[in-house]
Amino acid sequence: MNEHYEPQAIERDVQQQWEAARAFQVSEEPGREKFYCLSMFPYPSGRLHMGHVRNYTIGDVITRYQRMLGRNVLQPMGWDAFGLPAENAAMKNGVPPAQWTYDNIAYMKMQLKSLGFAIDWEREVATCSPDYYRWNQWLFLRMLEKGIVYRKTGTVNWDPVDQTVLANEQVIDGRGWRTGALVEKREIPMYYMAITGYAEELLADLDTLPGWPEQVKLMQKNWIGKSHGVRVGFPYDLRAAGPTSSPSPLEGEGRGEGATGGTIPEQGILWVFTTRADTLMGATYVAVAAEHPLALHAAKSNPELAAFIEECKKGGTTEAEIATQEKKGMATGLFVKHPLTGEKLPLWVGNYVLMGYGEGAVMAVPAHDERDFEFAHKYGLPVKTVIRTSADAVSVPWQEAYAEHGTLINSAQYDGLNFEQAVDAIAADLSAKNLGEKKVTWRLRDWGISRQRYWGTPIPMIKCAQCGDVPVPDDQLPVVLPEHLVPDGSGNPLAKSPEFLNCTCPKCGGAAQRETDTMDTFVDSSWYFFRYCVPGAEVMVDERADYWMPVDQYIGGIEHAILHLLYSRFWTKVMRDLGLTRTREPFANLLTQGMVLNHIFFRKGAAGGIEYFPPDEVEVSRDEQGKIVSVKARADGQPVEYGGIGTMSKSKLNGVDPQALIEKYGADTARVFMMFAAPPEASLEWNDSAVEGIYRFLRRIYGFARDNREALVRGREAVDALAQATGAQKDARRAVHENLRQALGDFGKYQFNTVVAGCMKMLNALTDLKADAGPQAAHEAVIAEGFSLLLRLLSPIAPHLTQHLWSELGYGSDILTAAWPQVDEGALQRDSIDLVVQVNGKVRGQISVPAGADKAAIETAAIADANVQRFVEGKAIAKVIVVPGRLVNVVVKG
RNA sequence: GCCCGGGUGGCGAAAUUGGUAGACGCAAGAGACUUAAAAUCUCUCGGCCGCAAGGCCGUACCGGUUCGAUUCCGGUCCCGGGCACCA
């Protein structure tokens with residue numbers, strides 16, 4: 001053994017052994033229990049950041065733990081290789097996204113290997129490879145056949161200067177990030193996947209996932225958002241719309257760019273959905289989205305309204321922006337009829353009504369809905385109270401109680417009914433008039449997958465002037481994405497590439513053009529875990545996937561709690577319905593790792609663009625409380641804005657590269673440090689100041705083995721000598737086993753920070769034991785037993801050092817195949833037990849009682865304690881509570 | 001704005017889920033060893049009072065339930081994640 005712990009040499013050596021033994025390559029073994037341990041694959045952004053190290057270390061620790069428990073463990077790895085950052089890098093550096101991506105993969109793969117993860121690299125998948133994305137295309141076509149994929153219009157962010165569609169991330173304060181131009185909403189045709197067809201099952205099957213965090217299931221449930229309500233029809237008649245309405249059918253034609261610009265019937269029904277049909281008698285107006293056909297119709301003869309609708313097109317498309325923007329509206333001059341009373345209600349356009357959600361129209365009951373209440377007060381619309389709640393709904397400001405369920409009032413024949421009765425009665429009456437029925441709706445919307453971008457899976461469709469949109473035949477798959485193009489920020493380079501664009505129509509053989517939209521990258525990540533199971537398959541999946549699936553443990557960031565996990569569940573169910581798998585749910589157990597956060601610094605450019613600064617390139621001044629007051633860039637000394645703390649990301653440049661850490665201290669230190677810093681599910685503000693302590697801990701383990709080498713070798717053989725242990729030796733052995741018991745429990749709960757703490761305590765117990773505290777043979781047996789337990793317990797977290805020492809001490813050639821440690825119950829026994837004594841809940845003393853003492857003896861001993869007497873003396877003892885093994889509480893009066 | 005989490009010493013955290021708040025570690029301070037440095041070892045380390053024994057306060061804030069609350073309940077503030085085109 002070397003005098004000093006040299007992690008680089010040890011790690012190189014151990015990794016070579018694993019490599020030579022192909023230690024982590026696995027195959028299907030039908031008789032053996034399998035365990036599929038999967039970490040979310042990385043986007044190859046350039047270098048690993050600490051969030052990756054945390055994610056993959058957790059996955060690797062679980063992999064090695066399950067392996068030591070005897071299971072056939074698969075841990076694969078791959079690359080979520082399509083996406084926006086590659087295009088941004090391409091624009092910046094003039095390098096094709098493909099080249100940038102493959103370079104990043106090569107570097108990050110080297111980093112992952114240096115961390116010593118037990119990965120079966122034979123199964124590596126990159127989603128930008130035609131062998132992978134051809135199955136995106138293939139399944140897309142199957143879904144098209146089944147009607148699960150369909151076409152309709154959707155809203156996108158449009159940069160009028162670059163003439164390009166922007167991602168939400170590229171819109172900053174309503175402006176394009178590169179041009180600073182005010183972004184507009186635009187309606188374009190897109191392909192959709194009908195995930196709403198699976199809403200019921202996606203909701204119900206959450207109950208079949210006991211291994212998922214409640215938090216995540218609740219988020220998904222709320223996202224799917226099943227609601228029971230009533231669809232209500234408000235009849236309208238444009239001929240009776242009043243003096244302002246004399247629309248010329250030609251006037252204004254062609255200005256509405258929306259696809260809904262067609263004519264609408266003069267008489268019809270405006271449908272809305274409500275979960276509060278009981279308040280229908282309190283509806284005082286109806287509001288539609290700016291893009292609603294009735295709004296567009298009214299705008300033809302009303303320039304002011306047309307201008308307002310134009311204005312509504314400004315601003316972002318995200319729900320957050322719409323929910324926080326100032327609520328604005330304008331009367332259309334049109335009216336609709338209340339379906340029950342026949343009353344004339346004004347029709348308004350509201351910027352808070354979304355065309356893509358529900359019917360694009362809402363009935364407004366200002367007395368019992370907060371948003372309607374505000375809107376009505378702003379525009380002087382009437383408020384009619386129709387529910388008796390714990391507060392009368394008449395005053396400004398709004399009170400939450402106004403929205404409660406209650407008894408109907410001012411509602412004619414419905415007066416006195418409660419919520420359920422009122423909904424039933426009103427739904428029945430509407431139904432009799434063909435103006436409504438009960439209906440279940442979902443908050444979940446269908447998944448728009450078309451992206452007007454280059455670096456993604458080409459959508460396998462051909463546009464033919466004769467035949468329309470024609471699917472690419474299976475035998476022409478994959479539609480290969482050319483890899484040499486460089487985007488320039490103005491639209492999709494595929495649309496400017498004749499070699500990609502021009503093709504022949506599979507139907508008529510005439511000249512045609514390819515669809516240039518690519519798929520949302522969430523498609524790529526919705527089924528990659530199937531592909532890992534079937535390396536080299538000539539089909540999408542084969543029977544090998546039936547052995548491995550479902551994933552037994554999935555690990556990834558909490559930020560994926562909804563979208564990625566929901567899309568993956570949806571795709572799995574579609575694959576099942578197509579007969580490709582038996583799996584109903586892809587992930588049996590889910591661990592949502594907390595985010596690794598760091599400070600964010602940025603500067604806004606003159607054009608409105610935004611420039612981020614890495615935390616190590618700025619100078620920060622703080623006040624006495626440690627709050628950041630000012631920041632300067634090191635490079636130019638000019639001020640920089642502080643953006644708070646947030647998740648480490650490529651785009652915000654606040655990621656910390658683990659490479660320096662690994663090079664200085666080795667992979668084991670990086671791994672143990674990451675696990676010790678916080679429990680896996682907690683978020684973690686990055687700070688590497690404690691890393692020295694971890695290095696010190698590993699060095700102490702190494703030093704203990706070096707200094708006690710012979711004793712550790714001999715003691716391992718002399719198990720019988722454990723029985724001779726006396727006094728301090730017994731105490732040390734008890735401490736080892738007590739901490740082992742706690743650590744094994746925490747291992748099972750995947751609470752690795754306290755596992756590491758337990759390992760430290762075990763080492764402390766062993767190092768504190770004096771060599772002359774009892775018989776030498778017993779000493780050697782105690783430290784050898786404890787050290788061998790410690791090495792095995794720690795091996796999933798620090799695999800290199802523990803493997804090295806395991807073989808150095810001759811405990812075995814391969815710690816991977818060693819038995820998982822077990823507690824010796826005999827070592828835990830105590831002669832006496834320490835109890836805390838409280839008086840009225842405050843600690844006043846400590847007593848030690850024999851292990852078998854009964855309640856009466858404990859009470860007597862507790863009250864006899866000198867300090868306890870000071871507080872009990874002269875007072876009546878009301879009762880004494882004894883919590884076995886913990887404490888005694890003496891309750892006194894007066 | 002809506003949905004989901006979180007808030008404990010100077011710092012990361014722990015607490016068998018209602019039973020000694022601060023284990024384990026970092027940082028800091030004092031000391032030992034050393035020509036010196038590094039490494040290592042010993043001690044102190046939530047605040048206030050006290051020579052000490054010990055006492056009072058303390059788990060974001062306000063209130064409640066309980067013999068006993070970091071833990072349960074009601075309310076407030078702050079921070080993080082998501083909000084459908086970042087992945």
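Just so you know, these numbers come straight off a predicted model, no measurement behind them. Throughout, a chain's letter reflects where its sequence line sits, starting with A, and its residues are numbered from 1.
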Partners passing side-chain contact (heavy atoms from CB on, under 4.5 Å) against A/E321 (at least two apart in sequence or in another chain) = A/T318
Would you mind reading off the distance between A/N654 atom CG and B/rG81 atom P, rounded to a whole angstrom?
-> 10 Å
Results of ring pair (Phe, Tyr, Trp, His ring centres under 6.0 Å) for A/F41 - residues two or more places apart only | A/Y528
Excluding sequence neighbours, so at least two apart, what forms side-chain contact (heavy atoms from CB on, under 4.5 Å) with A/S683?
-> A/L597
Show me the protein contacts with nucleotides 66-75 of chain B, counting only N or O atoms at under 3.5 Å.
from   : atom 1 : to     : atom 2 : distance (Å)
B/rC67 : O2     : A/N889 : ND2    : 2.4

Short N/O separations, protein against nucleotides 29-33 of chain B, under 3.5 angstrom:
none

Sub-3.5 Å pairs of nitrogen or oxygen atoms, protein against nucleotides 40-49 of chain B:
from   : atom 1 : to     : atom 2 : distance (Å)
B/rU40 : OP1    : A/R699 : NH2    : 3.0

Partners of A/R830 by side-chain hydrogen bond (donor to acceptor under 3.5 Å, both in side chains), sequence neighbours excluded?
-> A/E738
Report all interatomic pairs (protein N or O, nucleotide N or O of nucleotides 54-60 of chain B) with separations under 3.5 Å.
from   : atom 1 : to     : atom 2 : distance (Å)
B/rG55 : OP1    : A/R844 : NH1    : 3.0
B/rG55 : OP1    : A/N867 : ND2    : 3.4
B/rC56 : OP1    : A/R844 : NH2    : 3.2
B/rC56 : OP2    : A/R844 : NH1    : 3.1
B/rC57 : OP2    : A/K842 : NZ     : 2.9

Excluding sequence neighbours, so at least two apart, what forms ring pair (Phe, Tyr, Trp, His ring centres under 6.0 Å) with A/F697?
-> none
Nearest-Å distance, OH (A/Y665) to C1' (B/rA39)?
-> 14 Å
Sequence neighbours excluded, the answer for side-chain contact (heavy atoms from CB on, under 4.5 Å) partners of A/S39 is A/N55, A/Y56, A/I555
Can you name the residues that form a side-chain hydrogen bond (donor to acceptor under 3.5 Å, both in side chains) with A/Y695, not counting sequence neighbours?
-> none
Does any pair with a residue in residues 744-757 of chain A pass salt bridge (charged side-chain N to carboxylate O under 4.0 Å, His left out), and if so which ones, sequence neighbours excluded?
-> A/D746-A/K749
Any donor-acceptor N or O pair under 3.5 Å, side chains A/W79, A/N104 = no
Do any side-chain nitrogens or oxygens of A/S689 fall under 4.0 Å of OP1 or OP2 in B/rC11?
-> no
Given B/rA14, is OP1 or OP2 found less than 4.0 Å from the side-chain N or O atoms of A/N753?
-> yes
